[in-house]
Amino acid sequence: MVCKRVARSRSPAQWVVVVLAVGASTWSSRASADPLRLRADALTDTQSETQSPTGLVVLQGQDKVRPWLDAEGLVWAGTKPGLTGDVLVLALHLREPHGYGEARVGRFVVATGAIFPVQMDGADVLGRTTWGGSVELFGGVPVVPRFGPRAYDWVTGARVAQKVASRLTMGVSYVQRREYGEISNEEVGADLAAAPAKWLDLAAKGAYDLTSPGIADGRLSAATRIDAFRLELFASEQSPGRLLPATSLFSVLGDFPSEMIGGTVRWKAAPRLDVLASGAGQLVGGELGMNAWIRSTLRLDDRGLGSVGVEVRRVDVISARWTGFRAVGAQPLGHGFRLSSEIEIAVPDQPNGRGSVWPWGLAALGWRSHAGWEVAAAMEAASTPEYRYELNALARISRSLELR
Amino acid sequence: MRPWIKALALLVALTLAACAGVLGFHPTDPSRPFPHRAHVDKGVNCVVCHAGVEHAGDTGPLHLPTEAVCRSCHTKPHDERACLGCHGEASTREGAEIARKNLRFDHTKHVPVAHGDCVRCHSAVADAKAGTILPKMASCFSCHEHKDQWKMRDCDGCHVDLTAEDTLPTSHLIHDGDWIREHGVRAGSERDLCASCHTERSCAKCHGAGTTPTLPAKMAFDEVSLPGLHRAGFRSRHAEEARADPGLCTTCHSENSCVDCHTASHVSPAGTTRSPHPVGWVGSGRGGSEHGVQARIDPVSCAGCHGGAGEMLCVGCHRVGGAGGSPHGPGFTSTKNKVHDMPCRLCHGPGL
């Protein structure tokens, strides 16, 4: 392994992003609406993953023109390696003033019921009844990153749900997705959320694949709180082959589900000390495994502005066996400055020539003004499976603005 | 008692005393909740300090007392520092400011109905240790049923903007524990509830088709206590993470994500003669079927590099009549037409 980090001169495209970053911050201070919320982030790092050095601008805005009309956008532009960008959200949200219905139009993520989240360009309509029922219909074209065109792709679906006495919500859903006109995903699902008692919360959902009949994804969670403790028991079953598009050759290999059952405990051990532990047994391809971690966070002041935390993790599942240690610390320095650091050491059981230890560390200094400006800079150092050592410098400037 | 036991006991006591401060049993902040109850017990009417609040509309100042108001009664203060520097917590004042800004509430309409009895809504006054005396929402519901609005998720009647109000859930909705794993199953049935505070971009930042640049772990690199799947040295251990939970990655990533990123970062075996697989991965000898076993356990990993046009690598051996035999494992069924539909026709197509 060798160190491979060579700084390159900025291309014209990278300069465009830098100019966009400065322009976005300036523009955001002049924009107006009622009420309008804007945020512009410009991030640069020297990591080769994004062709160093690179620039990235993220603009997010939300506007409530009327109580019944919202508009929201989230776009980014960057150099990877040439000038590129994408729209993550560009949606209009209309609401019937009394809540009987609402609609979304544009680009957004549909995440409802047992349906896997899907980003699409299209429309989503939701109707509600006064007796707690609701019907949701959606349809559109699944998003391909970077505006990649793909003919005859579409996704349609629906969910019907009923709420009972604010303590139980049940729903059934259906989704069909096509790629190049071929069915790539067709599922029915059921979901449930219940709070049968003040101390108990239940949630479950399951999706059944209609193309290759069988359970594609099933999840169950039961949580309770007792004084300083919160306990959650969970279980899941996933069929990786059914989670792939049914147009993929790798979806025909058969049913080898991945199952997991475990629990998580959160203990507020002291006013400033939280302990969180989780453990799960896994059955993957018929082989037993486990995944466990414990994390503790100590706040250094009553408001939690400063904190230190440690985490230890062990994963032992088929060929993924490793132990990890992580520590974080953050301390306000006054005048809006904040110092933070994070280290992680991962030790794989089977290095396979990728290095026996993968240490990673970061030290960052941030500053935040009352006027909505944020500036942060950091140095990141690591020894990775690819490189014996690497250094990465990161910097971010952000501006948040709210106008009424 | 032996001297060393005394010394040990002293050491333990001192350690606990020191830790008590660190752990928050003895807050170091000198401020404390304002003694509302003590003032009420003394017969001080609320409007003596909060002058004019009974005429306060939906907007305007908070009507918090000034130092001069305190000293009009407390003529001989025990300390020269500002009274409200210690008697009253900054967080309480901030909470009141946020509520004023983001709640539609008019005291002029409520004071007459309550016959001037502020404690009817501000019941926390009776609790000498209560930090905030803002009424809980249940107090509102004791008069305003709002059943229809509640069912319809029509919060705008009282809440100007729940997102800006930054009211964190306190009951079963609290984002506690391993929330990143848990949120999916919770949000499935409660989209309306999530949407009370979260907007479209909350989902899209992670679940969008091209999300990498906007991941919170990437943008908020200095917020080290933020949880996230991709934090710290994730890039080093991502292969291990993917293998440990087959299928998890496909929640957000398409099957082409692996090869896209590996190609961009020049760590892809594509275009080279070097295979990342162990010797004997494919073949008829001992261990030759290992690739099939692993493919069934984690087909997503295979698709990561061999998806799309790369599938023909498999078809070459596993098509009908091929040397590799049938790739279908036990329990495989499909409703697709094997001659006409993808991907069946690759192996079962006409003439095969």
Side-chain angles (χ1 to χ4, degrees), chain A residues 49 56 67 72 74 76 86 88-89 91 99 108-109 111-112 117 119 143 145 169 182 191 193 201 203 205 212 219 221 230 232 238 240-241 243 247-250 253-256 258 264 266 270-273 278 285 302 315 317 320 322 328 340 342 344 346 358 360 364 366 376 378 384 394, chain B residues 23-24 27 29 148 151-154 156 172 176-178 182 185-186 188-191 199-201 203-204 207-210 213-214 219 221-222 224-225 232-233 236-237 240 243-244 246-247 250 255 265 267 295-297 299-300 302-303 311 314 327-335 342-343:
Chain A
E49 180 190 2
L56 174 68
E72 189 176 0
L74 174 59
W76 65 267
D86 211 342
L88 289 175
V89 175
F108 52 87
V109 171
T112 184
Q119 190 185 23
V143 171
T169 304
E182 302 256 8
D191 58 273
D201 292 298
K205 67 175 186 177
S212 175
R219 292 163 195 270
S221 169
R230 181 183 190 269
E232 188 222 353
Q238 288 186 310
L243 296 176
T247 48
S248 167
L249 191 67
F250 298 97
L253 299 176
D255 188 17
F256 285 78
S258 161
T264 301
R266 189 267 289 133
R272 290 188 193 165
L273 180 66
S278 184
D302 292 337
V315 175
V317 182
W322 62 282
V328 299
S340 50
E342 183 175 9
E344 180 184 275
W358 303 328
W360 179 95
T384 69
L394 303 102
Chain B
L23 296 174
D29 186 351
D148 289 343
K151 280 181 184 169
M152 297 298 213
R153 299 280 170 227
D154 180 13
D156 289 353
H172 60 286
D176 211 339
D178 189 6
E182 195 180 333
V185 67
R186 299 269 167 205
S189 298
E190 303 279 19
R191 179 204 135 177
T199 59
E200 301 292 344
R201 59 182 184 273
C203 304
H207 291 288
T214 56
M219 295 299 293
F221 57 80
D222 54 323
V224 293
S225 57
S236 295
R237 55 185 158 79
E240 262 67 17
R243 281 203 299 271
T250 45
E255 67 276 17
S265 52
V267 291
R296 289 193 174 106
I297 292 172
V300 180
C302 302
E311 291 175 351
C314 312
H328 302 309
F332 173 75
T333 55
S334 176
T335 57
M342 275 290 283

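Below, chain A is the first sequence line, B the second, and so on; all start at residue 1. Source: prediction; values computed, not measured.
- Of all the listed residues (A:S278, A:P271, A:P117, A:G366), the one sharing the greatest number of non-hydrogen pairs under 4.5 Å with chain B is A:P271.
- At a threshold of 4.0 Å, the pair B:E182-A:R266 does not count as salt-bridged, since none of the basic side-chain nitrogens sits closer than that to a carboxylate oxygen.
- Proximity of A:V315 to B:R237: side-chain heavy atoms (C-beta onward) are nowhere separated by under 4.5 Å.
- In this structure, the portion of A:L74 lying under 4.5 Å from any heavy atom of chain B is its side chain and not its backbone.
- Put simply, of A:A91, A:S248, A:A364, the one with the most heavy-atom pairs under 4.5 Å next to chain B is A:S248.
- In this structure, the portions of B:R201 lying under 4.5 Å from any heavy atom of chain A include both its backbone and its side chain.
- Scored by the salt bridge (Lys or Arg N to Asp or Glu O under 4.0 Å) test, A:E182 finds B:R345 as partners (sequence neighbours excluded).
- Checked by atom type, the side-chain pair B:D222/A:S340 shows no donor-acceptor distance below 3.5 Å.
- With sequence neighbours excluded, the residues that form a salt bridge (Lys or Arg N to Asp or Glu O under 4.0 Å) with A:R219 are A:D217.
- Only the backbone of A:A111 comes within contact range of chain B, judged by heavy atoms closer than 4.5 Å.
- At least one side-chain heavy atom of B:E240 sits under 4.5 Å from a side-chain heavy atom of A:W358.
- In this structure, chain B has heavy atoms under 4.5 Å from both the backbone and the side chain of A:S221.
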